[in-house]
Student: 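Questions regarding the structure given below will be posed in turn.
Just so it is clear, the values below take in all heavy atoms, side chains as well, and ignore hydrogens, waters and symmetry mates.
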Amino acid sequence: MTKDLPNIEPDSFQRPDLDTLSLPGEPGHPPRVLMLYGSLRGRSYSRFLTLEAKRVLEALGAEVKIFDPAGLPLVSDEAEGHPKVLELRELSLWSEAQVWCSPERHGAMTGVMKTQIDWLPLAPIGGVRPTQGRTLALMQVSGGSQSFNTLNQMRVLGRWMRMITIPNQSSVPKAFAEFDEEGRMKASPFYNRMVDVMEELMKFTLLTRGRSEYLVDRYSERVESAEALSLRVNQRSI
């Protein structure tokens with residue numbers, strides 16, 4: 001389970017206990033996690049951190065897919081049917097949890113990261129909202145000292161997208177010193193924190209999936225739906 005994770009202490013690494021976190025009749029498939037990263041550079045530390053976290057999530061029992069943002073257009077009416085837009089939205093609909101990882105640039109998340117989030121609408125696609133009720137974990141990498149600006153920005157966006165954003169988060173400063181030439185993350189407290197975040201994401205996902213639709217059900221939307229139905233049923237024939 002941990003053969004590709006040289007920095008993991010096997011005796012301390014535990015998969016979440018499904019019997020403890022799940023109720024009878026709940027989904028039994030591996031938690032489905034979509035990962036987004038915010039850089040197109042060849043040596044992208046946000047991609048390296050995402051790949052490292054993917055290995056941990058898979059060892060914890062998740063099914064993971066990473067979206068490659070290369071070729072994703074800026075948001076416009078003309079690009080609604082672009083293949084990369086459709087791919088991103090389908091992956092979001094497939095997911096039960098997401099991980100967003102962005103570099104910090106000029107004290108903020110990158111445009112690459114924000115464009116991906118902007119392409120995920122709050123409105124339903126085929127009757128399903130692509131982000132609502134999904135759990136969310138946040139990570140960032142920085143070229144300088146440790147910062148939380150990007151994490152704070154993404155946390156606001158996660159709340160806006162009606163996602164269940166977990167408390168723990170990962171910030172890796174001086175990322176150039178935290179990865180080897182092959183892009184693997186070195187053993188460090190920053191690595192351990194990343195593992196903590198992925199473990200917590202798995203637990204929150206198992207606790208909320210199968211219940212998320214109920215947890216985010218809103219009185220105001222039920223009232224609006226009832227009014228819309230009443231108007232449609234009671235309208236006079238033309």
Side-chain angles (χ1 to χ4, degrees), residues 29-76 78-105 108-126 128-141 150-151 153-158 160-166 169-170 172 175 179 183 185 194 197-198 201-202 204-205 209 212:
H29 61 262
R32 300 192 292 258
V33 183
L34 168 63
M35 307 188 80
L36 308 180
Y37 61 90
S39 172
L40 300 178
R41 292 179 174 178
R43 188 166 176 80
S44 164
Y45 295 109
S46 63
R47 178 167 53 85
F48 290 164
L49 183 57
T50 296
L51 288 168
E52 205 67 56
K54 176 180 184 285
R55 298 180 183 100
V56 173
L57 284 168
E58 289 175 338
L60 288 168
E63 180 183 358
V64 183
K65 296 183 180 181
I66 299 177
F67 177 73
D68 179 359
L72 182 70
L74 294 174
V75 177
S76 69
E78 292 75 20
E80 282 281 341
H82 192 282
K84 293 296 290 188
V85 174
L86 299 178
E87 177 190 355
L88 174 60
R89 291 180 171 182
E90 283 298 317
L91 286 172
S92 189
L93 289 167
W94 166 85
S95 70
E96 297 169 321
Q98 296 189 15
V99 180
W100 297 352
C101 180
S102 176
E104 182 164 302
R105 186 169 298 157
M109 78 182 76
T110 62
V112 173
M113 190 75 235
K114 184 61 163 58
T115 297
Q116 292 174 84
I117 298 169
D118 284 347
W119 271 121
L120 297 175
L122 281 174
I125 299 175
V128 180
R129 296 182 189 270
T131 57
Q132 178 169 293
R134 288 152 179 82
T135 48
L136 173 64
L138 304 173
M139 304 191 297
Q140 78 164 72
V141 295
T150 294
L151 291 170
Q153 281 191 324
M154 293 193 295
R155 191 168 290 276
V156 170
L157 284 171
W160 186 263
M161 304 299 285
R162 301 182 179 181
M163 304 179 81
I164 303 167
T165 309
I166 67 170
Q169 58 189 18
S170 170
V172 180
F179 295 85
M185 194 172 186
M194 177 273 292
V197 174
M198 295 305 106
L201 177 67
M202 286 287 287
F204 271 74
T205 303
R209 72 171 183 173
S212 61

Student: Which atom names give the shortest non-hydrogen contact between Ser44 and Tyr37, and what distance separates them?
Tutor: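 Result for this residue pair: OG-CD1, 4.4 Å.
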
Student: Is there a side chain to side chain contact (heavy atoms under 4.5 Å, CB included) between Ser102 and Ser46? Walk through the geometry before answering.
Tutor: CA-CA 6 Å; Ser102 176; Ser46 63; 5.9 Å; no

Student: Is a side-chain donor-acceptor pair under 3.5 Å present for Thr205 with Thr135?
Tutor: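 Yes, a side-chain donor-acceptor pair sits under 3.5 Å.
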
Student: Determine, step by step, whether Gln98 and Met161 satisfy the side chain to side chain contact (heavy atoms under 4.5 Å, CB included) criterion, reporting the C-alpha distance in whole Å, the side-chain angles of both residues, the deciding distance to 0.1 Å, and the verdict.
Tutor: CA-CA 12 Å; Gln98 296 189 15; Met161 304 299 285; over 6 Å; no

Student: Please step through side chain to side chain contact (heavy atoms under 4.5 Å, CB included) for the pair Leu88 and Leu36, ending with a clear verdict.
Tutor: CA-CA 9 Å; Leu88 174 60; Leu36 308 180; 3.8 Å; yes

Student: Can you tell me if Arg129 uses its side chain to pair, donor with acceptor, with the backbone of Leu93 under 3.5 Å?
Tutor: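 No.
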
Student: Roughly how far, to the nearest 0.5 Å, is the CG atom of Leu136 from the CD1 atom of Ile166?
Tutor: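 If we round to the nearest 0.5 Å, Ile166:CD1 and Leu136:CG are 8.0 Å apart.
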
Student: Identify the heavy atoms of Gln116 and Val112 that sit nearest to each other, and give their distance.
Tutor: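 Here Gln116 and Val112 meet closest at NE2-O, 3.2 Å.
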
Student: Say you draw a straight line from CG of Leu122 to CH2 of Trp160; how long is it, rounded to the nearest 0.5 Å?
Tutor: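 Here the interatomic distance stands at 7.5 Å.
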
Student: Using every non-hydrogen atom in the two residues, find where Ser92 and Leu120 come nearest and quote the distance to one decimal.
Tutor: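 Reported closest heavy-atom pair: CB-CD2, 3.7 Å.
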
Student: Out of Gln169, Glu104, Gln153, which one pairs with Gln140 under the side chain to side chain donor-acceptor pair (under 3.5 Å) rule?
Tutor: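 Result for side chain to side chain donor-acceptor pair (under 3.5 Å) with Gln140: Glu104.
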
Student: Considering non-hydrogen atoms only, spot the tightest contact between Pro69 and Phe67 and give its length.
Tutor: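 Heavy atoms of Pro69 and Phe67 come nearest at CD-O, 3.4 Å.
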
Student: How long is the gap from OG1 on Thr50 to NZ on Lys54, to the nearest 0.5 Å?
Tutor: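 The NZ atom of Lys54 is 11.0 Å from OG1 of Thr50, to the nearest 0.5 Å.
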
Student: Check Ser95 against Leu34 and note the closest heavy-atom contact, atom names and distance.
Tutor: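 Reported closest heavy-atom pair: CB-CB, 3.8 Å.
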
Student: Looking at Thr115 and Gly111, would you say the former's side chain and the latter's main chain have a donor-acceptor pair under 3.5 Å?
Tutor: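 Checked: pair present.
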
Student: Do Met139 and Val172 have side chains that approach each other closer than 4.5 Å (heavy atoms only, starting at C-beta)?
Tutor: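 Counting from C-beta outward, Met139 and Val172 never come under 4.5 Å.
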
Student: Looking at Leu157 and Trp100, what are the two nearest heavy atoms and their distance?
Tutor: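 Heavy atoms of Leu157 and Trp100 come nearest at CB-CZ3, 4.1 Å.
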
Student: Looking only at atom types and distance, does a side-chain atom of Arg32 sit under 3.5 Å from a main-chain N or O of Glu63, one as donor and one as acceptor?
Tutor: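 Side chain of Arg32 to backbone of Glu63, a donor-acceptor pair under 3.5 Å: no, none is there.
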
Student: Using a 3.5 Å distance criterion without hydrogens, assess whether the side chain of Thr110 forms a donor-acceptor pair with backbone atoms of Gly38.
Tutor: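 Yes, the answer is positive, given that a donor and an acceptor are paired below the 3.5 Å cut-off.
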
Student: Using side-chain heavy atoms (C-beta onward) and a distance below 4.5 Å, is Leu57 in contact with Val99?
Tutor: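 A side-chain contact exists here, since the closest heavy-atom pair is under 4.5 Å.
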
Student: Would you compute the distance between atom CE of Met154 and atom CG of Leu138 and round it to the nearest 0.5 angstrom?
Tutor: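 These two atoms lie 5.0 Å from each other.
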
Student: Output the distance between atom CD (Glu96) and atom CZ (Arg134), rounded to the nearest 0.5 Å.
Tutor: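 It is 8.5 Å, given to the nearest 0.5 Å.
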
Student: Does the pair Glu80/Arg89 count as a salt bridge with the N-to-O cut at 4.0 Å?
Tutor: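 Salt bridge: yes.
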
Student: When you look at CH2 of Trp94, are more than 12 heavy atoms from neighbouring residues, nucleotides or ligands closer to it than 6.0 Å?
Tutor: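 More than 12 heavy atoms, drawn from other residues, nucleotides or ligands, come within 6.0 Å of this atom.
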
Student: Under the criterion side chain to side chain contact (heavy atoms under 4.5 Å, CB included), I'd like the reasoning laid out for Ile66 against Arg47: C-alpha separation, chi angles, the key distance, then a yes or no.
Tutor: CA-CA 9 Å; Ile66 299 177; Arg47 178 167 53 85; over 6 Å; no

Student: How long is the span from the NZ atom in Lys84 to the CG atom in Leu86, to the nearest 0.5 Å?
Tutor: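 Between Lys84 NZ and Leu86 CG, I get 11.0 Å after rounding to 0.5 Å.
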
Student: Closer than 4.0 angstrom, basic N to acidic O: yes or no for Glu52 and Arg55?
Tutor: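 A salt bridge links Glu52 with Arg55.
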
Student: Are Tyr45 and Arg43 close enough that a side-chain donor and a side-chain acceptor fall under 3.5 Å?
Tutor: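 Per modelled atom types, Tyr45 and Arg43 side chains form a pair under 3.5 Å.
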
